[in-house]
Amino acid sequence: MTDIVTTHITVALVLFLLGLYCVLSKRNLIKIVIGIEVMNKGVILNFITAGYYQNNLGIAQAIVVTVILIDAVVVAVLFALIVNVFRHNKRIFAEDAARLKG
Amino acid sequence: MFAGEIGVGAILCPIAGAILAPLAYAVRRKMVAWFAVFFALMTCTLSLLLLTNIQSGVLLTYNWIPSIGFSIALNLDALGVYVAAVAGSIGFLVMLYSVRYMEHAEIEGYSLLRYYGLTLLFVGSMIGLVLSDSIILVYIFWELVGFCSYALISYYYKDPKALRAGTKAFVVTRIGDVGLFIAIVALWGSTHSTSLAAIVNLAPADSTLLTIAGFGVLLAAIGKSAQFPLHVWLPDAMEAPTTISALIHAATMVNAGVYLVARTYPIFSVVPSWPMAVVIIGTFTALFAATMALAEPDLKRALALSTISQLGIMLSAAGAGAIVAFEFHLVSHAIFKGLLFLCAGVVIRSVHTRNMYEMGGLANHMKITNVTFIIGTLALVGIPIFNGFWSKELVLDSINGAGYLGATGVLIITSFLTAVYSWRMYYLVFLGKKRTPLEVRDPPYEMRTPLIILSIATLVSWIFISQFSSGLAYSLPSSYGAELLTVRETIEIVLLSPLVVVSIGSLCIIAWLAFVFKDRMMQFLKEDRGLAKALKHGYWFDDLYRVASRGLFFVGREVSYTQTGDVNYNLAGIVLGGIVILLILILGNMGW
Amino acid sequence: MALVGSITVLYPILILLLGALLSYALAHVVKRSANYVSGTAAAVASVCAIYVLLSLLQRVTNGEVLSVSLFSGGIQFALNPLALFLSLVGTSLTFIVCIYSIRYMEDATGVEKFYALLLLMAAGIVGIGLAQDIFDMYVFFELMTVASFALVAFEKQRWEPVEAGTKYGVMSAVGSVIALFGISTIFLYAGTLQFDRIGTGLSAIAPEAITTTIIVGGGLMIVGFGVKTAMVPFHTWLPDAHSAAPSGISAMLSGIVIQAGLVALIKAIQPLAVLEVTSFGLTLALFASVSMFVGNLIALKQRDLKRMLAYSSIAQMGYILLGFAFGIGIGGKGVALGFIGGLYLILGHAFMKGGAFLCAGAIIYAIGTRDFEEMKGVGRLLPSIGVPYTVFALALSGLPPMVGFVSELFICTAGVDVTGWGLVFVVILLINVVISVGYYVPSINTIVFSKEMGTKVHDARSVPPLMVGTIVLMTAITLVLGIYPQIGMVIAKPAADYLFRLFS
């Protein structure tokens, strides 16, 4: 595997792990969703790198575009849910969304 | 071929009755009782007809799940047919008795439809259980009778004790059922067959899977027949209506466990420690339960403990390979224990209590009940000319003959204890001063007839030993070791055996001792300290199970604290799980 | 859009998508009784989909390969027996839930969106089965998932669905992106994402790279799809989501959605598992065992009916997963019977658990509570709920002659034939079955055999026939599948054989 490819994969992995860290440690729901987004970007980068490595940029582009699309939809729905959390709670922190337990 | 249809009829007739019962109930509530009696009579006729249709070999195979190769079939050999006949006939007698016994149920808010429907379903499932050749079909009916047992124990659901008892019975027997399930899959794994008859003929050699299957069946028997250590459900099951106690918990369902051991004896006798384990558990339980019956104040619970003890004797017989003696005692016990329970029903219905210390002196007031109860008791104790005597002595003789001398000794001691607790029961209920202020009378004819029929059966059933044993010898493969036994041979074996001298001689000694020390013994057993307390509390086994189940709920609660409700924790759980998966995969790759 | 092959393969998805559009639009055209209009439209759409699938059943079972490819091989769909199985169970459940929800959701606002989302979710489920490469499967997986977010939080005026939906959404999204990373790893090394070509793609690269791919890619995909499958410890979203969702949706979620997640997982790791680099079967079996215990143990302490059923679903997924693990093989060759058992339990559980949730919904409709204390005796007052619930609860606890017992029989029989540790896992499953009796039977006691009536039971509304009818239908199916398993085998066996061939 060539240098470029390794670098790109590393960056993708770093993005992914940064997003994961964000998701695990932030208490603000919006920040958690942003963390998910960062993870997604890492994955997208990985796909592009894979396409380059496999000389199949056509499929890679198709996949990436679709992923961005799906991502947008997911984020939209998640934010809609967060808006509803806000409507009930006037806050959007994880502590307030922890009433269901056991 | 005709015999197979009778068998299927005997199974489906009561089940059809159970399904159609709502129609009768909708027409007029009380009609469902006679409707059920009618179906029970038909079932009884069919099951008795089966007695003339005993065959060896498997009938009516049906390829149930061709995709896998599971098929189900019937087996009409004497081992099963005798139990089916008992289930059908005692089922009918109990149903007849119930017409009067349960007549107040609707007024108290309990649906008669539930009672009769479940009882019919039960009878059908029980007959199905013993007529099945396929071990999967046995399991299906096994669970069905277990369900009927739970539902009928909980019949008086307004009493929380009844609900608890029903649930307890269901859960404890389900533990045993795990054993049967494992046996099914283990036998399939080693023989690729679900047909018990085929496996018997195959005579597989000892293997790990066979051992697992054997002890699985033993576990199932321990659960269903209330042997140690899964005996705790049967005394509590006495919350059921007494008719149900007679039918399910004395005459039929509880016999399913020991029946299965007897049926699979040729298969598992090759497993080294299996027969010995069976005999040990049976003998121990017999003694164990008999001691507890000595101090039990509740009439039905005492009879339940007595049943556990007698089942232990049967289990020992099965473990020793004495199939004729086993089956004979099973049938005898079903008759006289059913009789005793129905008598108890009459008594309890009159005095409105189950506590024997509140009864007494009823002999003069309920003459017929008194006589029938005496007959049942004498059979239980094993007095000559009653069927219990012959069957128990045959069992003792066979166990002794198979080489289990220690077991024989323990069982003889158990016989003494049986005599003591039986006599105590009779004394407390029928003799002495009448301690209840209520008026007591003999029961109406619907309840009297079954008592009389069963009493006659108790006196004469042993005369048919020759036909009984020839049926077994003819229809069972030789690996069961069943042989013809004429009446004359029986009398010779039993009366000439040294064991008889020991048994009867000791009985006389006990009787004399009891007579002399009667009052002191009664006082001792009534106390609430020392040995008597241990006996009364069942050696605190019940509490052990209660603690165990509390422990389980406690674990459940502790685990539930992992459900924190906090998103970050949940996500951390995902990450943690991911790390574990990667670890396992990496280790798997390295060849672990 | 060059299309090669039989377009009939796509009909179910197209019908469902069209149905989603129609049931939404019709409700705006016909301004009154939106729930009847939308619901009926949705039901009709699902019936059409079922009809198409059934008409193709014979051909697919006989081994005919029905496929279609778009964009000159870019996107491929194939109706193999597994896809047929998943689609049939999914659309049948959708149909029943549509009819049920006509009355159940009658007071909700925006109910046309409900049916549209329900059909979109169903389309996603069908698509998961039909997809022939991992990414297409992922797309439909996301369709199903996102639709279910909105459905869980549908009653947004209450707090509980909002919290449940949010946590479910966040966790599911994290799972999805983790799976996607695994998928990208596979793409990186294998150069293709088509199920039948990944193997060849991987064999062209260096062995160490193969190992990395399989472990990293496979592991991440198990995690990602495992969130949806509610494997422990990825399950924490499930109790809240299945309790808070409208009961028809709870039935769908427990009945087919998490199972679709499992099918997605199996399809995704299949190309990797056959390369025998590491034991996926053992991994799945271990996680299955943990799921069983966690699900059953926590269910013991539940005081809310739907929450208890939700934890029970986690445990049942453990049983199903174990069946599949036996099929894949634990340290040796797999047993086809394991797949049969797992698939049969998916089929049975859809109706047992689905039916139980519909009963819970009927109780909510009648007395407005899910709490055991408050619903005491409701089964006696309304035998149309009491009797079916008893059947479902007993079936779930493995009592014959119902479908739960038959499935467990298959799985355990498979376990004995599996080389190595099979019998240990069988014992674990059986122990769990006994533990589960400890909450199923008390729930029956509370609902049916209770002396007092719960506080709310006195003012019970009667349950509409539309709801009772669907519940009774589910009960009948539960009994029929148990007494005469060959009926279920018609779709389960071909699917199992197909899977077994794939994994050998």
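Since this is a predicted model, take the numbers as computed values, not measurements. Here is how names work: the chains are called A, B, and so on, in the same order as the sequence lines, proteins then strands, and each is numbered from 1.
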B:Tyr139 and C:Phe405 aromatic ring geometry - parallel, tilted or perpendicular at 30°/60° bounds: parallel
Inter-residue atom distance B:Trp188.CH2 - C:Leu337.CG, 0.5 Å rounding: 8.5 Å
Gap between atom CG of C:Leu300 and atom CG of B:Leu552 - 0.5 Å precision: 5.5 Å
No-hydrogen, no-angle side-chain donor-acceptor test under 3.5 Å, C:Tyr168 and B:Asn570: no
Chain C contact via B:Trp64 - side chain, backbone, both or neither, heavy atoms under 4.5 Å: both
Contact winner vs chain B - C:Leu394, C:Val294, C:Leu220, C:Ile222, heavy-atom pairs under 4.5 Å: C:Leu394
Exercise: do B:Gln563 and C:Thr236 side chains pair donor with acceptor under 3.5 Å: no
Under 4.5 Å from any heavy atom of chain B - which part of C:Ile483: backbone
Gap separating the CD1 atom of B:Ile65 from the CD1 atom of C:Ile340, nearest 0.5 angstrom: 9.5 Å
Verdict with supporting geometry, C:Asn445 and B:Thr167, side-chain hydrogen bond (donor to acceptor under 3.5 Å, both in side chains): CA-CA 8 Å; C:Asn445 283 341; B:Thr167 312; 2.7 Å; yes
Proximal component of C:Val441, with respect to chain B [non-hydrogen, under 4.5 Å]: both
Interface moiety of B:Val555 toward chain C, non-hydrogen atoms closer than 4.5 Å: side chain
Portion of C:Gln302 that has a non-hydrogen atom of chain B nearer than 4.5 angstrom: neither
Flag if over 12 foreign heavy atoms under 6.0 Å of OH, B:Tyr569: no
